[in-house]
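These numbers come from the heavy atoms of this one structure, side chains and all, not from hydrogens, waters or symmetry mates.
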Amino acid sequence: MSRTGLTALREPDIRRLEVGWLLSLAGTFSYTVALLAYSYTEGGAQLVAVYGAASTVPGALLTPLLMTLTGRVGSATMLRWTTALRTVLVAAAATMAMVDAAAAAVVVLAAAAHSLSATFRPTQASALPWLARTPTELTAATVTATMAENVAALTGPVLAGVVLAAADPPAAIAASAGCLLFATLSLRRLSVPDGARSESRARPGGLVRDAVEGGAALARIGRPAGIIVLAFAQTFVRGALLVLMIVLALDTLGLGNDSIGWLNAAIGFGGLAGAALAARLVRMTTLGRCFLLGAAGWGLGVLALSGAPTAAAAFGALALVGVANAFQDAPAFVLMPRILGPELAGRALGAFELVVMTGMGLGSLAAPRLEDWLGVRVSLLVLGAGLVVLAAAYVVPFTTLDRTMPKPRPEAAGLRTMPIFAALPLVVIEQLAIEVETRAYADGEVVMREGQPGDRFYIVAEGSAAVSVSGVPRPELGPGDGFGEIALLRGVPRTATVTAAGSLRVLTLSRDAFLSAVSRNQVSAEEAESLARQRLASDPPRA
């Protein structure tokens, strides 16, 4: 892991979130492989397709509603309860399979667990900006999440492959439930600031309205609806690959059940290599093009798989798919919050998961028919080529998207250097930078006067300011110093007079913006209160 990734993990809540994500995903990949082997043994490609659809279509309908509900109950609560429920469902599926219950019952339980899994990534993506304090920390946390995903994509299938080689599919399902249990335990102390859900809690209207607004916002990225079209196409291919890969491995190449685990692990292996490359190449100015490159790479990997003559060649083709997945995944989850802002990001991420899961479900259902009509190799050829062509059609919109990506205002860097604001999440800092105003004062001009009502907080940007309390001079203020907090925090008139000592430029925040930001963070609130106490203690006695 990179040094920046380790820096992000020093924050306890980021660490809890990333570990929970890794273990949850490892369990997901593991039980997916186990269920694929179980379904193919019990009912062939048709039951595999049914499992693929049953594990995605309900989730496609449920996820946007759960994402909006997350805005009301909180990210941490939603992650804990959904992960715990998935643990119970997968354990129940393993038990049913062990006692030779009806295959339909096992598939339904596992599919229900998988339908809840789609809430984790968008919830995580919307929570990270509230946990990270700097752009570097947010970028590191996002890259770490992608790295964790690719580690899980390797270790989960390997776990299932090892258990399948030594035992049977029910035992592999049970091992997956163990991973989910550890994920649940890792999230038990996770805490995400209330500000991450305040906007959704205050909004009028229902859950469906929020989901529709999220979809409409999503459609604005990569016009015409590029992120929706490409995400749907790529996940349709992914859903079809879920079925066709098993047919290719077991029927065409003549491999055993455990090969399902090894071939899925190849995607995770490629994902690890791709994540390392993405960490070096993905920048805020290249997010759109990296997303596009990932979609095209998926198509090329599937094309290579269509002609794979041996297990080793199939492994290499799927490793290429993993590399492409790393380039597509991380940019997608950074693009949405960056372009749409914190208010719409959660709802758009929920709508994005609806697109993803609908694509996977339909792809899974279509795969057996495609295999019947065209054969497994031609089906893979058509799907891969179609994805490459579609990605090429969106080169211009995504290149334009990169050129017009919103840039953070320079004021954000100045706010972040102040102790009062240093602990605030990045999303709050950037919102404050939008609301900040700049004012200039000539030498001797009064900025604020003792005894007057206070309605703003000030930060010296350039020059210096003279301070007096009851006519007694106090130390001058220079660049980076703030003043005016006492009247705002205590609800009293101004306790000092501040005048420009030469040419002076200040940044100002309204009372509401200042108090809203500071009061949401315990460290910031304590810093502001400490500064106010120090200044009041050093002031001369008042009449």
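The heavy-atom pair separating Leu164 from Asn257 by the smallest distance is CD1-O, 4.1 Å. In this structure, Ala45 and Pro368 approach most closely via the heavy-atom pair O-CG, 4.1 Å. The two residues Leu159 and Ser30 make their nearest non-hydrogen contact at CD2-OG, 3.7 Å. For the residue pair Ala366 and Phe236, the shortest heavy atom distance occurs at CB-CZ, 3.7 Å. In this structure, Leu263 and Ala311 approach most closely via the heavy-atom pair CD2-O, 4.5 Å. Nearest heavy-atom pair, Val323 versus Gly270, reported as atom, atom and distance to 0.1 Å: CG2-O, 3.2 Å.
Within the 3.5 Å criterion, the main-chain N or O of Gly254 finds no donor-acceptor partner in the side chain of Asp251. Panel note: side chain Asn264, backbone Ile260; a donor-acceptor pair is recorded below 3.5 Å. With hydrogens and angles disregarded, no donor-acceptor distance shorter than 3.5 Å links the side chain of Ser306 to the backbone of Val378. Side-chain N or O atoms of Arg80 include one that pairs as donor or acceptor with a backbone N or O of Leu187 at under 3.5 Å. A donor-acceptor distance shorter than 3.5 angstrom exists from the side chain of Ser364 to the backbone of Met360, with no hydrogens or angles considered. Between the side chain of Ser379 and the main chain of Gly375, a donor-acceptor pair closer than 3.5 Å is present. Side-chain atoms of Thr184 come within 3.5 Å of backbone atoms of Leu180 as a donor-acceptor pair (strictly under, hydrogens ignored). A donor-acceptor contact shorter than 3.5 Å links the side chain of Thr235 to the backbone of Phe232. The backbone N or O of Ala183 lies less than 3.5 Å from a partner atom in the side chain of Ser186, making a donor-acceptor pair. The backbone N or O of Leu116 sits nowhere less than 3.5 Å from a side-chain atom of Thr82 that would complete a donor-acceptor pair.
Between Val107 and Ser39, some side-chain heavy-atom pair lies under the 4.5 Å cut-off. Using a 4.5 Å cut-off on side-chain heavy atoms (C-beta onward), Thr32 and Leu242 make contact. Considering only heavy atoms from C-beta on, Arg16 comes within 4.5 Å of Asp13 through its side chain.
Within the model, atoms CH2 of Trp298 and CD of Gln234 stand 5.0 Å from one another, a figure rounded to the nearest 0.5 Å. Atom CG of Leu305 sits about 11.0 Å away from atom CG of Leu381, to the nearest 0.5 Å. Taking CG of Leu230 as the start and CD1 of Ile227 as the end, the distance is 8.5 Å to the nearest 0.5 Å. With rounding to the nearest 0.5 angstrom, the CE atom of Met78 is 10.5 Å from the OG1 atom of Thr83. Remark: Leu23 CG to Leu185 CG distance equals 9.5 Å, nearest 0.5 Å. Annotation: the span from Leu36 atom CG to Ile246 atom CD1 amounts to 4.0 Å, rounded to 0.5 Å.
The salt bridge (charged side-chain N to carboxylate O under 4.0 Å, His left out) search around Asp258 returns none, not counting sequence neighbours. In this view, Tyr394 satisfies the side-chain hydrogen bond (donor to acceptor under 3.5 Å, both in side chains) rule with no residue, not counting sequence neighbours. Shown here are the ring pair (Phe, Tyr, Trp, His ring centres under 6.0 Å) partners of Phe120, two or more places apart in sequence or in another chain: Trp21.
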Check: After noting the C-alpha distance and the side-chain angles of Arg86 and Ser24, does the key distance pass the side chain to side chain contact (heavy atoms under 4.5 Å, CB included) rule?
Finding: CA-CA 9 Å; Arg86 290 175 62 215; Ser24 170; 2.9 Å; yes

Notebook entry, point to check: Does the side chain to side chain contact (heavy atoms under 4.5 Å, CB included) test come out yes or no for Leu241 and Leu380, once each step is laid out?
Noted result: CA-CA 8 Å; Leu241 184 63; Leu380 291 168; 3.9 Å; yes

Next item on the list: Apply side chain to side chain contact (heavy atoms under 4.5 Å, CB included) to Leu248 and Leu244, showing your working.
Entry: CA-CA 6 Å; Leu248 181 71; Leu244 296 175; over 6 Å; no

Next item on the list: Walk me through it: do Asn325 and Arg238 pass the test side chain to side chain contact (heavy atoms under 4.5 Å, CB included)?
Entry: CA-CA 10 Å; Asn325 197 65; Arg238 185 172 191 162; 3.6 Å; yes

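Note on ring orientation: taking the six-membered ring where Trp is involved, the planes of His114 and Tyr31 are perpendicular (angle over 60°, cut-offs 30° and 60°).
Atom CZ of Phe315 has more than 12 neighbouring heavy atoms from other residues, nucleotides or ligands inside a 6.0 Å radius.
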